[in-house]
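Note sheet for the following structure.
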There are 2 protein chains.
Amino acid sequence: MPAEAKPDTPARARPDTAARPASAPLTERQEARRRRILAATAQLAGRGGFDAVQMREVAEASQVALGTLYRYFPSKIHLLVATMQDQLEHLHATLRRRPPSGDSAAERVAETLMRAFRALQREPQLADAMVRALTFADRSVSPEVDQVSRQTTAIILDAMGRERPTPEQLSAVRVIEHTWHSALITWLSGRASIAQVKVDIETACRLIELTDDES
Amino acid sequence: MPAEAKPDTPARARPDTAARPASAPLTERQEARRRRILAATAQLAGRGGFDAVQMREVAEASQVALGTLYRYFPSKIHLLVATMQDQLEHLHATLRRRPPSGDSAAERVAETLMRAFRALQREPQLADAMVRALTFADRSVSPEVDQVSRQTTAIILDAMGRERPTPEQLSAVRVIEHTWHSALITWLSGRASIAQVKVDIETACRLIELTDDES
DNA sequence: ATCAAGTCTGAAACTTGTTCTAGATTAGCG
DNA sequence: CGCTAATCTAGAACAAGTTTCAGACTTGAT
């Protein structure tokens with residue numbers, strides 16, 4: 001990553017991502033551009049992974065000038081994190097449609113995460129690009145990464161029939177999320193098998209049982 | 001990261017890192033070069049973090065040609081991961097000198113990790129560089145990353161008075177390690193407080209109690 | 001319809017990781 | 001010592017992320 005992270009945010013009026021729809025209404029054509037960009041990104045990432053997402057190519061594939069691409073997404077990392085947000089929304093919607101079936105909260109969470117994991121396995125290169133971006137992100141991407149994190153938390157809480165989780169349960173969820181991310185990385189870099197990821201997730205999910213008296 | 005990851009390892013006789021001392025004996029001057037490189041890297045990373053470790057600067061600071069630097073460490077990531085190995089060895093040695101004092105295995109592990117965490121806090125920029133490299137590493141760095149992982153596992157097992165850990169305990173250790181890495185990342189990117197990291201680590205360590213009947 | 005402000009485009013320039021090359025140096029060996 | 005292969009050096013060259021800029025196009029308000 002060549003240039004230094006920008007030390008200040010010069011209040012440049014950029015469309016920004018969909019993080020907070022309040023920042024700028026975005027005209028229809030702008031919305032379309034944004035969508036084209038994300039689609040092109042996902043496609044390029046789908047083959048090749050992280051390295052195949054080249055800003056010039058994304059710009060060309062989405063029929064947008066390089067400068068415009070950078071106005072929408074101030075760095076490659078921002079772009080990929082936004083792609084992840086996008087995909088997570090899909091996933092969450094899908095999961096809502098068919099909720100997990102396990103008996104205990106721990107089982108349901110593990111089941112949900114394994115389902116998400118299988119979805120990622122179908123597009124390992126895309127997963128690689130998104131996850132690498134997520135963990136490589138520096139402070140300048142914090143808001144966006146945080147949003148991804150909140151979305152993930154929401155998915156997990158949905159899976160345990162939540163209803164006002166206790167602080168202890170929230171702690172457990174945090175550890176599960178840590179495990180999820182980190183296990184994903186070890187799998188993507190070929191240092192852990194799918195089976196190993198499964199075990200790790202299930203192990204982490206046991207923490208839920210510890211604090212749980214069956215909803 | 002411009003160039004594609006090299007798909008093949010062309011058996012080029014490179015000094016490689018100290019991973020396995022068997023690969024190439026390394027003359028005295030070579031050992032000295034390697035050491036200078038790692039020292040320069042740690043220093044540059046100490047200010048500035050990941051971005052401040054620029055290959056040309058590392059080469060200059062360690063009085064080595066750029067090409068030579070690349071012969072010793074085939075990429076910036078390799079270089080930083082090797083730096084991490086180096087630091088971890090120091091840490092492990094230090095920890096051995098004063099073992100943790102907690103009563104239960106879980107307490108001792110948490111104590112150990114928090115001690116390591118405090119060490120990292122003293123050099124947050126260095127920590128940033130090393131951890132980012134670690135999680136960004138792709139398959140071409142797997143052996144080295146794996147070595148770091150083994151070292152970390154060893155530290156944790158040391159902390160729980162180990163003695164042939166059960167498979168369940170090993171699973172718990174894996175989750176703890178995942179949590180450790182991921183929590184570190186969230187702290188480094190400013191998305192979690194020190195207190196939060198502490199809680200997360202302690203929560204993960206509870207998994208040890210689950211499988212433990214006090215050694 | 002018209003004007004000002006904000007956007008988008010195309011292209012070049014800049015930065016930093018990585019590779020390559022030709023010529024010194026060094027190491028090990030007979 | 002003198003040779004040969006490996007290693008090291010200096011420096012150019014290349015790749016991809018990022019920045020910049022001048023000019024064309026849109027948009028929104030009047």
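Note on naming: letters A, B, ... go to the chains in the order of the sequence lines (proteins, then strands), and numbering restarts at 1 for each one.
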[X] has an atom [atom1]; how far is it from atom [atom2] of [N], in whole Å?
{"X": "B:Phe50", "N": "C:dG17", "atom1": "CZ", "atom2": "P", "result": "8 Å"}
{"X": "B:Tyr70", "N": "D:dG11", "atom1": "OH", "atom2": "C1'", "result": "15 Å"}
{"X": "B:Phe136", "N": "D:dG17", "atom1": "CZ", "atom2": "P", "result": "10 Å"}
{"X": "B:Arg71", "N": "D:dA10", "atom1": "CZ", "atom2": "C1'", "result": "15 Å"}
{"X": "A:Leu80", "N": "D:dA16", "atom1": "CG", "atom2": "P", "result": "16 Å"}
{"X": "A:Asp138", "N": "D:dT18", "atom1": "CG", "atom2": "C1'", "result": "14 Å"}
{"X": "B:Gln54", "N": "C:dG17", "atom1": "CD", "atom2": "P", "result": "5 Å"}
{"X": "A:Arg29", "N": "D:dG28", "atom1": "CZ", "atom2": "P", "result": "11 Å"}

Of the candidate nucleotides [options], which contains the atom at the shortest distance from the side chain of [X]?
{"X": "B:Thr27", "options": "D:dT7, C:dG28, C:dT19", "answer": "C:dG28"}
{"X": "B:Met55", "options": "D:dC8, C:dG17, D:dG17", "answer": "C:dG17"}
{"X": "A:Tyr72", "options": "C:dC8, C:dT19, D:dT18", "answer": "C:dC8"}

Problem - A:Glu111 vs A:Arg115, salt bridge (charged side-chain N to carboxylate O under 4.0 Å, His left out): CA-CA, chis, key distance, verdict - result: CA-CA 6 Å; A:Glu111 185 185 336; A:Arg115 214 186 278 179; 3.2 Å; yes

Side-chain donor/acceptor of [X] to backbone N/O of [Y], under 3.5 Å:
{"X": "B:Gln196", "Y": "B:Ser193", "result": "no"}
{"X": "B:Ser182", "Y": "A:Thr179", "result": "no"}
{"X": "B:His78", "Y": "B:Ser140", "result": "yes"}
{"X": "B:Thr203", "Y": "B:Val199", "result": "yes"}

Problem - A:Ile176 versus A:Cys205, closest heavy-atom pair with distance - result: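 Taking every non-hydrogen atom into account, CD1-CA, 4.0 Å.
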
Practice task
Classify the nucleic acid contact of B:Val53 as base, sugar-phosphate or nothing, counting any heavy atom under 4.0 Å across all strands shown.
Solution key: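 Counting heavy atoms under 4.0 Å across all strands, the contact made by B:Val53 is with sugar-phosphate only.
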
Practice task
Find the bend of the helix from C:dA1-D:dT30 to C:dG30-D:dC1 as the angle between its two terminal axes (five pairs each), to the nearest 10°.
Solution key: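 About 20°, once rounded to a multiple of 10°.
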
Handout entry: Geometric cation-pi criterion, B:Lys76 with B:Phe136: 6.0 Å, 45°
Key =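 Negative - B:Lys76 is either too far from the ring of B:Phe136 or too far off its axis.
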
Heteroatom pairs (N/O) under 3.5 angstrom, protein to nucleotides 9-13 of chain C:
residue : atom : partner : partner atom : Å
C:dT9   : OP2  : A:Ala65 : N            : 3.0
C:dT9   : OP2  : A:Thr68 : OG1          : 2.6

Problem - Qualifying residues under salt bridge (Lys or Arg N to Asp or Glu O under 4.0 Å), relative to B:Arg36, sequence neighbours excluded - result: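 So B:Arg36 forms no salt bridge (Lys or Arg N to Asp or Glu O under 4.0 Å) with any residue.
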
Exercise for the section: Check whether any side-chain N or O of A:Gln30 sits under 4.0 Å from OP1 or OP2 of D:dT26, and answer yes or no. Expected result: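 So the side chain of A:Gln30 is outside the cut-off, no N or O lying under 4.0 Å from OP1 or OP2 of D:dT26.
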
Exercise for the section: Give a yes or no on whether A:Glu60 atom CD has more than 12 heavy-atom contacts from other residues, nucleotides or ligands under 6.0 Å away. Expected result: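 Count not over threshold, so no.
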
